[in-house]
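For reference, the structure discussed in these notes is given below.
Below, each value reflects all heavy atoms present in this structure, side chains not excepted, and no hydrogens, waters or symmetry copies. Each chain gets a letter, A, B and so on, in the order its sequence line appears, and its residues count up from 1.
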Protein chains: 2
Amino acid sequence: MPSRTQKRIVIVGGVAGGMSAATRLRRLDEKALITVFEKGPYPSFANCGIPYALSDAIPDRNSLLLQTPEGFKKRFNVDVLVNHEVTSIDRAAHAVTVLGPNNETKTVTYDKLILAQGAAPLTPPIPGVDLPHVFHLTTIGDLDAAKAYIAGHKAKTAAVIGGGFIGLEAAENLKLAGLDVTLVELAPHVLPPLDADMAEPVHAELRRNGISLALGDGVASISPDAVTTASGRVVPADVVLLVLGVRPRTELARAAGLPIGKAGGVVVDVHMRTDDPDIYAVGDMVETEHRVLGLPRVTALAGPANRQGRMAADHICGRAVGYRGNVGSAVVKVFEMTVGVVGLSVRELRRMGLDPLWVSAHPPDHAGYYPGAHPVSLKVAFRRGDGRLLGAQVIGAAGVDKRVDVLATAMQAHMSIFDLEHLELAYAPPYGSAKDPVNMAGFIGGNVLRGDVRVVHADEMTAEDLEGMQVVDVRGPGELAKGFLKGAVNIPINTLRENLDRLDKEKKTLVYCQVGYRGYLAYRILEQSGFKDVVNLDGGFKTVAQSGLTTLQASK
Amino acid sequence: MPSRTQKRIVIVGGVAGGMSAATRLRRLDEKALITVFEKGPYPSFANCGIPYALSDAIPDRNSLLLQTPEGFKKRFNVDVLVNHEVTSIDRAAHAVTVLGPNNETKTVTYDKLILAQGAAPLTPPIPGVDLPHVFHLTTIGDLDAAKAYIAGHKAKTAAVIGGGFIGLEAAENLKLAGLDVTLVELAPHVLPPLDADMAEPVHAELRRNGISLALGDGVASISPDAVTTASGRVVPADVVLLVLGVRPRTELARAAGLPIGKAGGVVVDVHMRTDDPDIYAVGDMVETEHRVLGLPRVTALAGPANRQGRMAADHICGRAVGYRGNVGSAVVKVFEMTVGVVGLSVRELRRMGLDPLWVSAHPPDHAGYYPGAHPVSLKVAFRRGDGRLLGAQVIGAAGVDKRVDVLATAMQAHMSIFDLEHLELAYAPPYGSAKDPVNMAGFIGGNVLRGDVRVVHADEMTAEDLEGMQVVDVRGPGELAKGFLKGAVNIPINTLRENLDRLDKEKKTLVYCQVGYRGYLAYRILEQSGFKDVVNLDGGFKTVAQSGLTTLQASK
């Protein structure tokens with residue numbers, strides 16, 4: 001019989017948000033009665049590791065099982081009931097109805113209720129989606145079923161439907177497991193948080209590793225050995241993975257009359273409290289403030305879920321730490337490439353009605369003279385006027401996660417593009433450069449915002465735009481083998497000053513080099529030599545080439 | 001004949017600060033007359049790469065030569081005169097006297113003068129320091145001479161005098177080049193920016209790779225084949241490298257009557273302007289504000305030198321961007337380990353009269369279930385009261401530079417230990433954890449600062465302290481093989497609640513586990529169960545073991 005002073009706390013759902021809440025509650029309140037009802041068979045598992053368990057990257061799926069109910073009981077004195085589904089909430093009575101594994105129901109009362117039900121994978125309404133070789137990839141059960149099917153049926157081909165983060169991880173690991181993999185994505189490019197120009201190198205990396213891509217193409221139907229796309233392409237697929245994203249599990253909250261927001265998640269305040277002062281909700285099922293937009297968004301990520309669970313527990317125990325919202329930091333491995341994002345893409349910023357500036361850079365991840373340096377490509381967006389950071393995309397073979405985390409920290413500190421010029425980052429030749437790639441983005445963006453250079457972006461130009469301009473390639477002649485822009489005249493930067501009379505000062509002039517720096521030098525020379533209208537190509541020819549903008553390039 | 005509108009700018013010294021100023025000046029002012037006098041034979045070289053050129057890490061030292069005078073002339077229209085030393089400044093006449101390569105002197109006038117003379121390596125006043133096998137490691141000339149000597153004399157043994165960043169890089173690369181290396185350091189541990197407990201694992205890594213260490217030992221004398229230390233140890237040394245640090249080159253400025261500060265560098269304002277409005281100074285020769293101390297410090301690092309050169313140029317061209325000072329971000333590779341620091345060590349903070357709090361953590365660099373995870377050790381210091389970050393030390397095999405840069409960015413944004421709890425960093429299993437090591441440091445420090453746990457630090461405890469306490473090891477029995485504290489009783493955390501009666505609630509109780517988390521859980525259980533005086537061991541037994549604090553450990 002609980003004493004009157006013991007709080008009775010019921011948590012619906014384990015894993016990141018629920019279990020973080022449960023363990024934090026216990027640490028803060030040794031006496032509380034804490035019960036977790038988890039619909040599935042595992043109280044806590046590393047769902048982020050599931051795609052990697054498709055290959056030998058994670059050979060033993062048991063390493064993804066973090067704790068057992070017995071373990072939670074012993075260590076945290078928390079009762080975790082797996083295979084228990086909460087089917088309704090009686091807010092007036094402060095009670096939930098629970099359906100147990102043998103279809104028995106019971107009623108459990110609470111002082112405080114925490115909903116941590118996560119999100120459900122989307123299933124497209126297409127013929128064949130219920131066939132036995134079609135799987136989601138959300139739970140350990142999904143993983144076990146897919147792996148057993150692949151092994152049992154000696155599957156040789158796979159279709160991954162959905163080119164988001166998990167879709168790419170799934171495609172890579174199925175390929176590593178020896179299957180021929182086709183990735184089908186409805187959008188024109190993979191990884192929706194990226195802009196198209198930054199996604200193109202990711203496509204190249206996928207293709208380089210033997211992944212077939214069906215982009216800008218939906219799924220029309222699934223048959224036992226193939227997927228037929230909307231465009232009519234037949235993709236061989238002994239096994240099909242559906243990884244199209246998730247939607248918040250809000251049915252229980254909705255039935256209890258708790259408000260659901262426009263973004264589709266349960267509405268909570270900064271303490272993760274719903275409209276009912278005794279009911280909290282955390283994790284993938286809620287919507288929280290996107291700090292760049294200032295609007296609610298559903299963020300289905302493990303880090304935020306963990307922090308939200310902790311904060312719900314804090315508030316229940318009388319603490320007032322508020323959740324700060326999200327900036328959308330994310331990273332994914334794509335074979336030998338790392339892709340990271342924070343904030344919003346240029347496309348998304350514009351969709352939200354903003355008019356950002358942005359710059360591109362392709363510096364090496366560490367000093368070029370030290371072995372193993374690889375180029376990193378950064379695209380950093382910022383606000384006109386004050387330069388406040390709005391988003392960054394970073395891709396490359398090394399050092400990408402570091403720059404994304406630095407930029408994520410800078411964004412959370414409300415830094416501007418000017419602040420990136422000043423950032424003092426740790427430098428030694430194996431790790432970076434005296435001017436770090438993040439500094440470089442700051443220098444370039446600062447130059448743009450101060451008006452020291454005007455830039456144009458390749459993905460906003462057409463071949464006709466080029467025809468109307470005097471185009472000057474200031475690279476060395478040897479670099480032209482990499483390709484060059486239509487109509488370009490080659491005047492290497494080191495000879496530009498003595499060749500100004502070859503150019504028309506009155507004509508609109510586009511200068512460019514390989515990555516942007518020498519183009520910037522050329523801009524400064526021309527602009528100060530009386531040229532009326534000069535622009536530099538942001539990110540140089542490399543941006544054109546790796547973005548696949550062939551219409552701008554001279555045919556070889 | 002220069003026109004009246006052309007600024008005449010003279011720069012004394014090339015490399016990072018001088019050349020950054022020269023090239024920025026040219027970008028901002030196409031017409032300015034810019035002359036650089038460089039005492040040495042190279043206008044610009046990658047001095048940070050020099051230690052690596054001792055081994056085959058950088059097989060061709062020419063890759064360290066960044067530009068030629070001809071290249072600077074062609075690209076930047078900057079006159080770089082190498083082997084030219086500026087010997088005096090006539091401030092009234094706005095002129096410098098220059099000594100050329102054939103001992104000819106000339107007088108050159110300036111409108112603005114920038115001093116970028118760097119710092120000179122320290123030479124200890126000991127017998128034998130002038131012998132032909134003793135080298136500094138500051139210039140390309142030093143490198144060439146040392147390498148030629150090693151090859152020509154088939155040197156087999158080396159002594160590196162000085163255990164700072166460059167000393168460690170030199171020791172590693174001499175070892176990789178096949179020499180038997182002894183590192184001699186006057187202080188009790190290498191890398192002065194580290195606290196002793198964080199330096200001990202670095203010692204272990206050096207020893208593991210065959211470097212002999214002579215710590216807490218000075219050099220008494222150098223003979224042709226050995227170094228004799230102050231303690232009388234004879235270190236075989238066919239070659240000796242002196243890397244004891246540097247001092248600002250202030251002779252020229254001092255002779256011109258420019259103020260030198262208490263830290264030993266030329267005094268400048270935030271625009272890098274000296275006491276003379278037409279003379280600027282940048283780089284290793286100046287003192288700038290240390291942002292943690294609020295006091296001037298000399299910071300001999302390439303990144304700050306680059307930014308300072310840029311800002312001097314900006315100010316000369318009428319721009320008012322100010323230098324923000326330094327937080328002391330630095331990183332070094334030590335064989336398979338990376339060591340990073342930002343801000344100040346606990347020892348240094350105390351020396352400056354501060355009374356910081358700090359916490360230690362040993363999380364994996366990325367999700368433990370994903371292959372290749374390695375522990376990272378973090379020590380983060382912060383201010384009592386508001387938790388403002390004061391310093392961080394990070395060591396480990398992977399992911400160290402990332403955490404240092406995140407912490408450096410956080411410090412520059414004036415973040416607190418509480419802010420680290422909230423930081424949203426990019427997570428995928430190959431790169432981090434849902435709770436990143438930086439978040440973990442925030443959680444632990446936040447708990448301390450909020451009073452949710454009281455911690456003690458192993459390096460501040462004695463064996464006698466342990467005797468006076470009830471010491472509870474809450475690890476699993478299998479972990480005791482790693483060693484344990486003197487007098488500890490083992491009660492695994494999962495059985496602690498049922499064993500409370502084995503402990504005395506009135507007695508001061510120290511709990512600990514392997515890295516600190518289970519000790520924290522134990523603290524929360526005991527503290528809420530009526531124990532009067534409980535403390536948790538910060539960083540757990542791992543901190544004790546890797547710090548080499550054998551006096552606290554039970555003999556095996």
Side-chain angles (χ1 to χ4, degrees), chain A residues 16 27 30-31 46 48-49 52 57-58 63-64 71 74-75 77 301-304 306-307 324 326-327 329-333 338 340 342 367 369-371 401-402 404-406 408-410 412-413 415 422-432 434-435 493-495 497 521 524-525 528-529, chain B residues 16 27 30-31 46 48-49 52 57-58 63-64 71 74-75 77 301-304 306-307 324 326-327 329-333 338 340 342 367 369-371 401-402 404-406 408-410 412-413 415 422-432 434-435 493-495 497 521 524-525 528-529:
Chain A
R27 293 195 297 271
E30 180 65 14
K31 298 285 178 245
C48 302
Y52 297 97
I58 298 180
S63 66
L64 301 179
K74 282 185 182 165
R75 179 161 296 181
N77 190 24
L301 290 171
N306 273 293
R307 282 194 295 284
R324 297 186 180 178
N326 312 300
V327 293
S329 310
V331 64
V332 62
K333 177 180 172 303
T338 300
V342 59
Y369 57 78
Y370 189 85
D401 56 322
K402 174 162 77 170
V404 168
D405 276 357
V406 168
T409 304
Q412 286 166 84
M415 282 188 180
H422 293 267
L423 265 190
E424 181 190 343
L425 300 169
Y427 161 55
Y431 305 102
K435 295 168 184 160
I493 181 68
N494 285 8
T495 66
R497 287 184 184 86
L521 297 181
R524 295 298 305 170
I525 292 170
Q528 294 182 72
S529 301
Chain B
R27 294 194 297 270
E30 180 65 14
K31 299 282 176 250
C48 302
Y52 297 97
I58 297 180
S63 66
L64 301 178
K74 281 185 182 165
R75 180 162 297 181
N77 190 24
L301 289 171
N306 273 292
R307 282 194 295 284
R324 298 186 179 178
N326 311 301
V327 293
S329 310
V331 65
V332 63
K333 176 180 174 303
T338 300
V342 60
Y369 56 79
Y370 188 86
D401 56 322
K402 175 162 79 171
V404 168
D405 276 356
V406 168
T409 305
Q412 286 166 84
M415 283 188 179
H422 293 268
L423 264 191
E424 180 190 342
L425 300 169
Y427 162 54
Y431 306 102
K435 293 169 185 160
I493 181 67
N494 285 7
T495 65
R497 287 184 184 86
L521 298 180
R524 295 298 305 170
I525 292 170
Q528 294 182 73
S529 301

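Two residues are said to be in side-chain contact when any heavy atoms from C-beta on lie closer than 4.5 Å; A/Y370 and B/C48 fail this criterion. The side-chain heavy atoms of A/Q412 and B/E424, taken from C-beta on, include a pair separated by under 4.5 Å. At least one side-chain heavy atom of B/L423 sits under 4.5 Å from a side-chain heavy atom of A/T409.
Scanning all heavy atoms of the two residues, the minimum distance from A/A413 to B/A413 falls at CB-CB, 3.3 Å. Across all non-hydrogen atoms, the minimal contact from B/V331 to A/Y431 is CG1-CD1, 3.8 Å. Nearest heavy-atom pair across B/Q528 and A/K31 is O-NZ, 4.4 Å. Scanning all heavy atoms of the two residues, the minimum distance from B/E30 to A/I525 falls at OE1-CG1, 3.5 Å. A pairwise comparison of heavy atoms in B/A57 and A/P371 identifies O-CG, 2.9 Å as the closest pair. When all heavy atoms of B/A426 and A/S329 are compared, the closest pair comes out as N-CB, 3.6 Å.
With a threshold of 4.5 angstrom between heavy atoms, B/Y52 approaches chain A through side-chain atoms but not through N, CA, C or O. Only the side chain of A/L521 comes within contact range of chain B, judged by heavy atoms closer than 4.5 Å. With a 4.5 Å cut-off on non-hydrogen atoms, B/A367 does not touch chain A at all. Of the atoms belonging to B/R27, heavy atoms from both backbone and side chain fall under 4.5 Å from chain A. Heavy atoms closer than 4.5 Å to chain A are found in both the backbone and the side chain of B/V406. Contact annotation for B/T338: both backbone and side-chain heavy atoms come within less than 4.5 Å of a heavy atom of chain A.
Listed options B/T495, B/L301, B/V404, B/D401 were ranked by heavy-atom pairs under 4.5 angstrom with chain A; first place goes to B/D401. In terms of heavy-atom pairs under 4.5 angstrom with chain A, the leader among B/N77, B/I493, B/V342 is B/N77. Most heavy-atom pairs under 4.5 Å with chain B, from the set A/G71, A/A408, A/S529, A/P430: that is A/P430. Between chain B and the options A/G432, A/G303, A/A16, the largest number of non-hydrogen pairs under 4.5 Å is found for A/G303.
The line from CZ of B/R307 to NZ of A/K435 is 10.5 Å long, rounded to the nearest 0.5 Å.
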